A.B. asks: 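Before I ask anything, let me first share the structure, which is written out below as structure tokens.
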Protein chains: 2
Amino acid sequence: MNKTKVVFNAEKLETSCELMRALAHPLRLRILEFIDRNGTINVNKIYHSLKIEQSITSQHLKIMRLAGVIDAYREGKFVHYSINYDVVKRAEIAVNNFLAKSA
Amino acid sequence: MNKTKVVFNAEKLETSCELMRALAHPLRLRILEFIDRNGTINVNKIYHSLKIEQSITSQHLKIMRLAGVIDAYREGKFVHYSINYDVVKRAEIAVNNFLAKSA
DNA sequence: TTCAAATATTAAATTTTTTTAATATTTAAT
DNA sequence: ATTAAATATTAAAAAAATTTAATATTTGAA
């Protein structure tokens, strides 16, 4: 019931959209939550714990990595993933841009 | 670099996901922004201003209405849409749940 | 070096989402 | 009553996302 008068240029909109899309999938949210819970964790632990296919896990991790939502680094045979909270923060801000001071 | 220890149950995750999906589309974001800008507006104005098909507009409006992101009321031949900021707020909180105090 | 474990990539199959295009509904005016 | 404007619904077509299943890459260990 309260106007926002958001200034939301095309670029920002694109970025917001891409970020949200990278998050808006049930499996990805589960993976993300799991990583969040564990701080830093490797792919094996992720897909064993969540009981999802290795390949699927890898593919979803890639989508989120490309969106910048998670970071990865290799240590020997293992690749460790962690959340890039700065970028998740940006997703939040994107949504926030639609918000009134109300509610 | 900062753990969150979010408590994020399955239900919340489902809800968050659905909300984000309802937002994560370029056209829907454009429509949403336009409604936000105008406070309350009818379908005609939306699709004429944004130069999108009437049918497409209607369908995207429906998706957002079902997700609760926007509200509608009819006044004669016109249907007026407005943003449900409370629900958008919930989308923001959903994303926020992944956030550390960092950043 | 060969082998196996961990992860990534790929292509095809499947599923879901989106668009197109046509038709239906609702309401106000004639 | 008919008609026209505003919006919604629907079904089929098209496009995009996801899964499956197989293969490739990387690395450490035997």
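Computed from a prediction, not measured in an experiment: that's the story for all the values here. A, B, ... follow the sequence lines: proteins, then strands. Residue 1 opens every chain.
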A.B. asks: Taking side chain to side chain donor-acceptor pair (under 3.5 Å) as the test, write out the residues that go with A/Gln59, two or more places apart.
C.D. replies: A/Ser55
A.B. asks: Is the shortest heavy-atom distance from the side chain of A/Leu32 to the side chain of A/Leu61 under 4.5 Å?
C.D. replies: no
A.B. asks: Write down the distance between CZ (B/Arg74) and P (D/dA6), rounded to a whole number of angstrom.
C.D. replies: 12 Å
A.B. asks: Considering all heavy atoms of both residues, which atom of B/Leu23 and which atom of B/Arg28 are nearest to each other, and what is their separation?
C.D. replies: O-CB, 4.4 Å
A.B. asks: B/Lys77: what forms a side-chain contact (heavy atoms from CB on, under 4.5 Å) with it, not counting sequence neighbours?
C.D. replies: none
A.B. asks: Going by the rule side-chain contact (heavy atoms from CB on, under 4.5 Å), which residues pair with B/Arg74 if we only count those two or more places apart in sequence or in a different chain?
C.D. replies: B/Val79
A.B. asks: Could you give the start and end, 5' to 3', of the contact zone on DNA chain C for chain B, using atoms under 4.0 Å from its heavy atoms?
C.D. replies: C/dT17 to C/dA28
A.B. asks: Tell me which of A/Phe78 and A/Arg21 sits closer to the 5' end of DNA chain C, going by the nucleotide each one is nearest to.
C.D. replies: A/Phe78
A.B. asks: Heavy-atom distance under 4.5 Å between the side chains of B/Thr57 and B/Glu53, does that happen here?
C.D. replies: no
A.B. asks: Name the residue closer to the 5' end of DNA chain D, choosing between B/Tyr47 and A/Lys77 according to the nucleotide with the nearest heavy atom.
C.D. replies: B/Tyr47
A.B. asks: Is a donor on one side and an acceptor on the other found under 3.5 Å between the side chain of A/Asn38 and the backbone of A/Phe34?
C.D. replies: yes
A.B. asks: Using whole Å, report how far NE2 of A/His25 lies from C1' of D/dT19.
C.D. replies: 9 Å
A.B. asks: Does anything in residues 50-61 of chain B come within less than 4.0 Å of DNA chain C? Heavy atoms only, and list the residues if so.
C.D. replies: B/Ser55, B/Ile56, B/Gln59, B/His60
A.B. asks: With both distances kept under 3.5 Å, what pairs with C/dT30, Watson-Crick or G-U wobble?
C.D. replies: D/dA1
A.B. asks: Under 3.5 Å, which donor-acceptor pairs link side chains of residues 42-51 of chain B to any protein atom two or more places apart or in another chain?
C.D. replies:
residue: B/Asn42; atom: OD1; partner: B/Asn44; partner atom: N; Å: 3.2
residue: B/Asn42; atom: OD1; partner: B/Lys45; partner atom: N; Å: 3.0
residue: B/Asn44; atom: OD1; partner: B/His48; partner atom: ND1; Å: 3.2
residue: B/His48; atom: ND1; partner: B/Asn44; partner atom: O; Å: 3.0
residue: B/Ser49; atom: OG; partner: B/Lys45; partner atom: O; Å: 2.6

A.B. asks: Let me know the distance between CD of A/Glu18 and C1' of D/dA16, rounded to the nearest Å.
C.D. replies: 14 Å
A.B. asks: Over how many whole Å does the gap from B/Asn42 atom CG to D/dA5 atom C1' extend?
C.D. replies: 12 Å
A.B. asks: Please name all residues satisfying side-chain contact (heavy atoms from CB on, under 4.5 Å) with A/Arg21, sequence neighbours left out, ordered by chain then number.
C.D. replies: A/Cys17, B/Ala24, B/His25
A.B. asks: What is the distance from CE of A/Met64 to C1' of D/dT18, rounded to the nearest Å?
C.D. replies: 14 Å
